[in-house]
Structure formats: structure tokens, C-alpha cells
Amino acid sequence: MGFGRYLTYRLVNAAIVLFFVVLLTSVLFVKLYDVQMVNVINSQVQMEWMHYQKTHPGSGVNGTEWMARRTEALYHKYGLDRPYWERVWILTKNTLKFDFGNMQIQIFGTYSAAKAIWMALPKTILLFTTATMVTILLGILLGVKSAQNPGSLLDRTISVLAMLTTSLPMWWLGMLFILIFVVELGWLPVNLYATVAVNSWGDLLLKMTLPLLTIVTVSFGGWAWIIRNIMIGTLQEDYILVARAKGVPERKVIYGHALRASAPPIVTMVIFALLGSMSGAIITEVVFNWPGMGRLYWTAITQNAVNLVVGLTYIFTLLYLLSMILADLMYAWLDPRVKVGASTIV
Amino acid sequence: MRWVDLKDSLKSFWSSYRRQKAGMLGLILLLLLIFVAIAAPWLTSPNVPKVWQVGNPLAPRNAPPTWINAFSHYKQSPHEVISLSNYFVGENKSMGYTIYKFKIQYPFKYDYPPKDIVFTGLNSTAQNPTEAPTMSMIIERPHEPGVKTEEMRIFSDVQIPAGAVIQVASLPAAKASVLVWLAENGVYKLNIPPGVPPDMISYLIMQNQTLFGYMSSMDIMWVIFQRIVDEKGHLYPLHDVLFHQTPRALEGTYTLYVTIKAPSNVKVDYSNAKLIMVGRTYGFMGTDQMGRDIWADLVWGVRVSLYIGLAVAITSVLVGVLYGVTSAYLGGWADEALQRFNEFMASMPIFPILILLGMYFGGHITINLLIGLLVLFGWMGTAKVARSMALQIKEQTYIEAAKALGASTWRVVFRHIVPQLLPYAFASIAISVPGAILSEAGLSFLGLGDPTAVTWGQMLNAAQQNNATLNGYWWQVLPPGLAIALVGFVFVLIGVSLDTVLNPKLKRS
């Protein structure tokens, strides 16, 4: 299988997964949708009838009949009279086209589900790219250091830290940090984390400190450990011995030769680790009232905003699949020997 | 592989596993956790799940643990349940009534009084309300110079129908009595015509606009448990006494005289009757916003967490191993198809889908449904490894020999391939337990879990709803998270040690 064919295969696979997830979402949610829309239509018809009675006093129109006609018209308008599977198909198509419809209530200051998501997405990306970069830096530094001296104090600390943090709920650590840094020490103002809304970019950056600290604290140990394990293997290779023998400075041996050679598995492992931390990240945003996608999820669940949940699931799936493809591509790109889906090995 | 071989390999496995310090620590902790899970009803109380749903109205809300008194300048009174039957001092009969007397010593050595004094649990054979027993309470305060009467009538002849609860802090009669007591001691002047019965005095107080206003806003527990005279022997002004502006708590032994009066033909059962000093601190770990004991919930949480973790891990690893072995054994296009399906499932984002399903099931995923879903999305990794291991085993000569001897597919798979994968299966069971527990905790935290189950995720959900972090209720936030971390850590320890024993390559170089 050539690189192009492999890429096509992965893309098709991802598209199929995406389609099925959206289809599943639609199958489940058309029913919930119905219940919501029927309520909305009923109350709307009631209001209209009251208005009609006020503006047309003594017209002698039969109220039940009038309302039934009006309800039917609205059912038709919103497509509630169509067969179930047809509507599932329409919802699937609309979702795939990023058309998530309007919500019954205002969330993040808008009725449009798509708009709310587009508003939240950059905040999530801001937080998580920053966190990821810090984590990668720390992870590489510490991982390489402990790979150089296996069994040293640093190495043992990192192993224990990695064990401890993998079983720690990231969001709980966030709660703990709020207790420590906001409530006990008072280093950050309480109202920064009490509400979602942020006044300025400065406040947003200030607000980002704690979630950033949380994500980095939970992740860097595990990443350093992964990098250490891969690096230990690489450092035993013959070419490292050769490089050292011919007098290449140790710094260059480590970062130029060994790290470069270990890059492909590291990158894929790190991307998968990142995807694995997604659930924790969603909830971490809730804990910190961070105006991102995770917090939006929480609002959608508590407010029962069905189409927002559909849209968010779609976007999350999309991002998830894109990252997996990216992991594959990075692997192929970084490893000159393998041009095909070698990431399936890891 | 015969039974003897299995026994031998288990033996040799155990002898190398017991040399793993971390693994043994994990194993001991796991046994401890299993013990706690089984013994939870005896360690705490069997009605914890019921209390979880309805809350405990008799316990203080958001009370910190009692031991914080050791670290604080102010001692806050702890929660105490006094069983009345231990303080029975006698009964006498007069005029067709039986009077039961109780005398309780309450040593008070705190800076903050109890939040309330609650009486509950009195049963009687009374058939109609007029026969119901009545109760009176008098508190004798410790001696305070400058105070005329130490005896403080709290309430008299309050009727107690079956299942009644008397809360002194919100009882108007008690507030009126305490106001009378303050007048008797000269804190303020109340014109009482001589010979007026006590009931009428309360009535007089309620007629007085100012006093009636005080009654609705005063904190009666402070009045009972504080000084009303300052260091120089002057009485504090009424406003200060009622709203504890300056006075300090009066330490010493308070004697509570409780009398229960009932018609002689009515039998009174006071064996379950309790006097509860509703504390400002509670037990070992405090309470949450519904008065639930956090320690009890934490202990019960071990049950559900271990159940979820083990059920998910064992089932999904079993499914994965079977899937992988089947795939490897079948080979050809079936293998290809099964692998593609595996990849398809593996690229599903689990958590968003779980959230979605949670919403679909009306906002709550029951424990068993959650286990099913986590298994559905949790077997793929194991299946992949099991397949590649099975592919190697499949090429061994003894498999070929077994086949040549006419062994059936089932026999080859279950006698020769699966047993070889068991060590790997155990390691991956241990490693995948924390993930399952974390998933449950996360879903419950978002409010999509099973609200009837006492889990650590539900406890943290309650904490979040209570805004526990920003309110500084650390005792509500810390324990559940630490417990999750501990259980996760235990299984990681075991898993990593198993891995080290089973894959010698990974041993520290």
C-alpha cells in the first residue's frame, strides 16, 4: 500500500466513523427533538389563540378546531409530520453540513447552536494547545533526563508521578487547585472562576493559569514516562554508540540523534495520550467555568439543549478523528523508513 | 495445558510476583479495599443508600469534621446523639398520668454552641392526639456570677404525636420562654402581672411588637449557651444577648431535665428516643449540603467503584481476548473484517458518546447500563494485542500437533491458546480498572450517572452543585478524589508489577 492509498484508506475510514456517529446521534435525538418541539409548538399555539381571541372578539371561531389547524400547520413547518427515518436522515445531513439549528434558550448569548460552538472552540483550542506545548516541553526535558540516568532519583520520581497521575481525575485536581490558590491563599480573585463570562483578554489569560496548571500537572508525568521508555530503547542502539565513539557532543547525541530517531513513536503516543485525556479536559472546563467546548457541553446537558449536544458530539468526533489521522501522517512523515500506517504498531 | 501445568505456572508466577514490593503493596491495599466494600454496612450503617437520596435533616449541613477544632482558635461544638434511655432517673404517677424523668449532663467546653437541640424517636401506644405524650425541658446552666436563676425553662407540655421531631431552635414557645428567663434575670424589663401562668407570659411576649420581632430573628442556641454578664458584673444589653454581639460562650456543665408526661393507660417507649445536639462540626469527615455523612458515603463508594471497575475490566478484557483470538484463529477475510471493525470502534470518541447516551436515557445512566456501555467501548485495545499474541502461538508446533491429532477448533482455542493469554489478560484487567472508575466519576460529575448509587463521582457532583470549592468546603471535595486516586493507584501498582513479571524485557535496565 502506497502512502497516498493509505491516506485515502484512513480518510475513508474516518468518514465512515463520522457518518455512523452522526447517524447514531440522529437516531437517538430525533425522538428527544420531537418531545421538545411538540412542547414548543403547543405553547406557541396557545399564545396565538389567546392573541387571536383578543384581536377578534366575538368572531365565533371554534377554539379547538382553530388550534388543531394551527398545530398541524406548525408540525408541517417544522417537519414533524414526516416519517421518522426521513427526519433522521435530514438531521444527519444537516449535522454533517454544520447546520445544527436553533436552540430554545440562549446559551453563550446566542440562539444558534453553531454560533455557540464556534464561540467556544477557540477558547478550548487556546487552553489545550498551550497546555500541550508546556507539557511536551516538560515531558521531553524530564523524560530525556531520566532516560539518561535510569534508576536515578528523578527517574523514580517520574515513574511514581506517572502512576499517581494516571489514576487521578484531572478535574478533581482542578477543584483542589481552586480550593488552594483561590480560596485558601487568595492569589486569584474568586469571581474569576465563579462565572463563565470574562471581561477582557487579560482576565482570560489570568483565568487560564489554573486550568493550565491542572492539565500540565496531570499530564506531564505520564508523558515524561512514555518518552523515557522510548528513549531508553533508542539509547541502546548501535548508532548512538558510534556517535559517542566518534566524539559527537553528548547534547547533540541526545537531542540530535536519539530524540530525532525516537520522534515517530513519541509523537503518536503523545497524540493518543492527548485524545485519552479528552474526557478529563471536558470536565476540567466545567470545574473552572472556562468558556470552551467542555463548559458548553455541561450547559447543553443541564439546559437540555438537544441540538447543541448533537453539534458538540459531531465537532468532538471530527476533532478526534482528525487528530488520529494526524498521528498517522506525522508518523509517516517523521520516520523515513516507514511511509505507511506504521502507527498501527504502537 | 493441563491443570497441573497451570498450577505450576501459577506457583512460579507467584514466587516472582511476591518479590515485587509495589505489587505486594497494591495487593494488600486491594484486599483492604475489598474488605471495606464488603463490610460497608457494618462499618457505617445499612441505611446509607437511603439517606443518600433523602438527606439527613437531623444532621448539620456543610459541617466540617470535628477534628478541625484541634487546629482552630475557636472550638465549635461537635454533633452528639444522646440516647435518652441511658439517662432515665425515675417515673411517678399522679392524677392519672405517668411522668418519666430524664436528667442529662452536657459538658459544654466550646466557643460555639450547637446549632440546635432536636428531640426525636419517641413511640407510644396513643390512639388519638389527645392521648399523645407531652414533653417539657428545663436546662440548668452552669453558675455565672450575677445571674439570679440558673434554671432556664425551654418549653413545657409540648405534644409529641408519633414520629414527631422537636427542634428547639425553631420552636416559638422555646424562644418565648428564653425571653422570659432573660427578663427574670433583669436583662430587660417585662411587666408581668403577678400570678400569670407561664403560657400566658408567652402570649404576652408575642403581643409585644419589639419582642415578637426579636423572636423571629434571634438565635436561641446562643442565648442558652452564652454569658449574659460581662467581666465587671454588668448585664449585657438585650440586643447584644439575642444576636451574640459581644457575649462569649458560657463553658461548664449544662444539665438538661426532660420530662415526658402521658396518660397512665398509654405506654411510652423511649428506648429509641434521642436528644441530638446538632453540631457545628460533624464526625470524622463532616457533612454535605444535605446533612449526609461524608465518611459513610466514602466507605459505601468503595463498593460501587470496585464493582464498576472490576466488572468493566474483567468483561471487556474477556471480550477482547476472545475477539482477538477468534480473529487470529479464523484468519483470511474474517480476520480482515474483524480487524476493520475493531479499528472502527477504536476511533469512536467514547466520552462524548457516553454523554450523548446519558442524555438520551433521560439524563441518567444506571450502573449496569454504564458497565455495558464501557465494555462496548473498551475491548478494542486488548483485542488487538491478543490477536497478535495468538497469531504467534498459532504457529507453534504443538498447535499443529493438536490439530493433526484431530482436536476441534474449540479445543485448540480454549485448551491451547487462551490459557497462554491469561497472564496478559490479568495484567490488562488491572490496568483498565482505573479508567472505568474515572469514566463513572466523570459522568456522575456531569450529572449523568446513577443518582441512586452512592459513588465518589456523585459525591463530587454534589460538591460542585454546592459550589463547595468556592465556598471553601474542602472536606466535601478532598475525600472522594483521594479515594478515586487511591483505587486507581492500587490497580496501577498491581498492573505494572504484573507487567514487569510477565514481560521481563520491561525490567529496569
Side-chain angles (χ1 to χ4, degrees), chain A residues 13-14 16-17 20-21 24-25 28-29 31-32 150-151 155 159 162-179 182-184 190 193-194 229 232 236 275-276 278-280 282-283 286-287 297-298 300-302 304 306 309-310 312-313 316-317 319-321 324 344, chain B residues 22 340 343-361 363 384 431 433-435 437-439 441-443 445-448 456-457 460 463-464 467-474 477-478 480-482 484-493 495-496 506 508-509:
Chain A
N13 197 31
I16 293 173
V17 172
F20 270 100
V21 169
L24 173 77
T25 324
L28 294 180
F29 275 76
K31 276 186 185 159
L32 284 182
D155 185 29
S159 302
M163 276 194 212
L164 272 177
T165 51
T166 48
S167 43
L168 207 69
M170 184 194 274
W171 41 277
W172 172 75
L173 197 72
M175 293 172 95
L176 203 62
F177 281 167
I178 292 185
L179 269 176
V182 179
V183 178
E184 289 298 321
V190 173
Y193 295 102
N229 285 348
I232 283 184
Q236 285 162 354
L275 292 178
M278 187 172 70
S279 60
I282 290 177
I283 312 175
V286 176
V287 169
Y297 237 128
W298 160 264
I301 293 166
T302 47
N304 213 13
V306 173
V309 173
V310 174
L312 279 168
T313 309
F316 264 109
T317 314
L319 289 177
Y320 190 86
L321 293 170
M324 284 180 89
T344 39
Chain B
R340 290 296 83 78
E343 268 173 39
F344 170 73
M345 291 299 286
S347 45
M348 289 253 200
I350 305 162
F351 201 69
I353 290 180
L354 283 178
I355 292 181
L356 191 84
L357 289 170
M359 226 181 140
Y360 177 70
F361 291 119
K384 215 169 196 173
I431 299 248
V433 168
I437 293 175
L438 280 185
S439 299
L443 276 180
F445 182 80
L446 289 180
L448 294 173
W456 297 326
L460 285 169
Q464 178 73 5
N467 233 336
T469 45
L470 292 176
N471 284 327
Y473 303 148
W474 50 267
V477 177
L478 277 177
L482 284 178
I484 295 173
L486 174 74
V487 171
F489 188 58
V490 165
F491 281 101
V492 171
L493 279 180
V496 169
L506 281 180
R508 195 175 269 135
S509 51

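Every chain is numbered from 1, with letters handed out A, B, ... down the list of sequences. The figures here come from the full heavy-atom set of this structure, side chains too, leaving out hydrogens, waters and symmetry mates.
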Review point. Looking at A:L24, A:I301, A:I178, which one has more heavy-atom pairs under 4.5 Å with chain B than the rest?
Key: A:I301
Check your understanding: Taking only residues two or more places apart in sequence, or in another chain, which ones meet A:W298 in a ring pair (Phe, Tyr, Trp, His ring centres under 6.0 Å)?
Key -> none
Review point. A:L164 versus chain B, heavy atoms under 4.5 Å apart: side chain, backbone, both or neither?
Key: both
Check your understanding: Which bit of B:I437 comes within less than 4.5 Å of chain A, counting heavy atoms only: side chain, backbone, both or neither?
Key -> neither
Check your understanding: So which part of B:I355 gets closer than 4.5 Å to some heavy atom of chain A, the side chain, the backbone, both or neither?
Key -> side chain
Check your understanding: Heavy-atom distance under 4.5 Å to chain B: side chain of A:A14, backbone, both or neither?
Key -> neither
Check your understanding: How long is the span from the CZ atom in B:F351 to the CD1 atom in A:I283, to the nearest 0.5 Å?
Key -> 4.0 Å
Check your understanding: What pair of heavy atoms forms the shortest contact from A:Y297 to B:P352, and how long is it?
Key -> OH-CB, 3.4 Å
Check your understanding: Which one of B:L446, B:L357, B:I353, B:L448 has the most heavy-atom pairs closer than 4.5 Å to chain A?
Key -> B:L446
Exercise for review: Check whether A:V21 gets within reach of chain B through its side chain, its backbone, both or neither, counting any heavy atom under 4.5 Å.
Suggested key: side chain
Review point. Do you know which two heavy atoms are closest between B:G481 and A:P169, and how far apart they sit?
Key: O-CD, 4.4 Å
Practice item. Could you tell me the separation between the CG atom of A:L312 and the CG atom of B:L356, rounded to the nearest 0.5 Å? Key: 10.5 Å
**Study point:** Heavy-atom pair count under 4.5 Å with chain A, highest-scoring of B:L460, B:V487, B:V433, B:V490
**Key:** B:L460
Practice item. Evaluate the side-chain proximity of B:F489 to A:L168: yes if any heavy-atom separation is below 4.5 Å, no if none is. Key: no
Check your understanding: Taking all non-hydrogen atoms of both residues, which atom of B:P349 and which atom of A:T317 are closest, and how far apart?
Key -> CG-OG1, 3.6 Å
Practice item. Check whether A:I282 gets within reach of chain B through its side chain, its backbone, both or neither, counting any heavy atom under 4.5 Å. Key: side chain
Exercise for review: Would you give the length of the straight line joining atom CG of A:L176 to atom OG1 of B:T469, rounded to the nearest 0.5 angstrom?
Suggested key: 10.5 Å
**Study point:** Any residue meeting ring pair (Phe, Tyr, Trp, His ring centres under 6.0 Å) with A:F20, in chain and number order, not counting sequence neighbours
**Key:** B:F344
**Study point:** Nearest-0.5 Å distance, CG of residue B:N467 to OH of residue A:Y193
**Key:** 14.5 Å
Revision key, fill the gap. When every non-hydrogen atom of B:Q464 is compared with those of A:V286, the smallest separation belongs to NE2-O, 3.9 Å
Practice item. Check whether B:L478 gets within reach of chain A through its side chain, its backbone, both or neither, counting any heavy atom under 4.5 Å. Key: both
Revision key, fill the gap. Tightest non-hydrogen contact, residues B:V477 and A:M175, listed as CG1-CB, 3.8 Å
Practice item. Look up atom CZ in A:F29 and atom OH in B:Y360, then write down how far apart they are to the nearest 0.5 Å. Key: 9.0 Å
Review point. Is it the backbone or the side chain of A:L28 that comes under 4.5 Å from a heavy atom of chain B, or both, or neither?
Key: both
Exercise for review: Pick one of side chain, backbone, both or neither for B:V496, based on which atoms fall under 4.5 Å of a heavy atom in chain A.
Suggested key: side chain
**Study point:** Polar side-chain atom of A:W172 near backbone of B:I484 as donor-acceptor pair, under 3.5 Å
**Key:** no
Study note, to complete from the structure: So CH2 of B:W474 and CG of A:L179: to nearest 0.5 Å the spacing works out to 10.0 Å
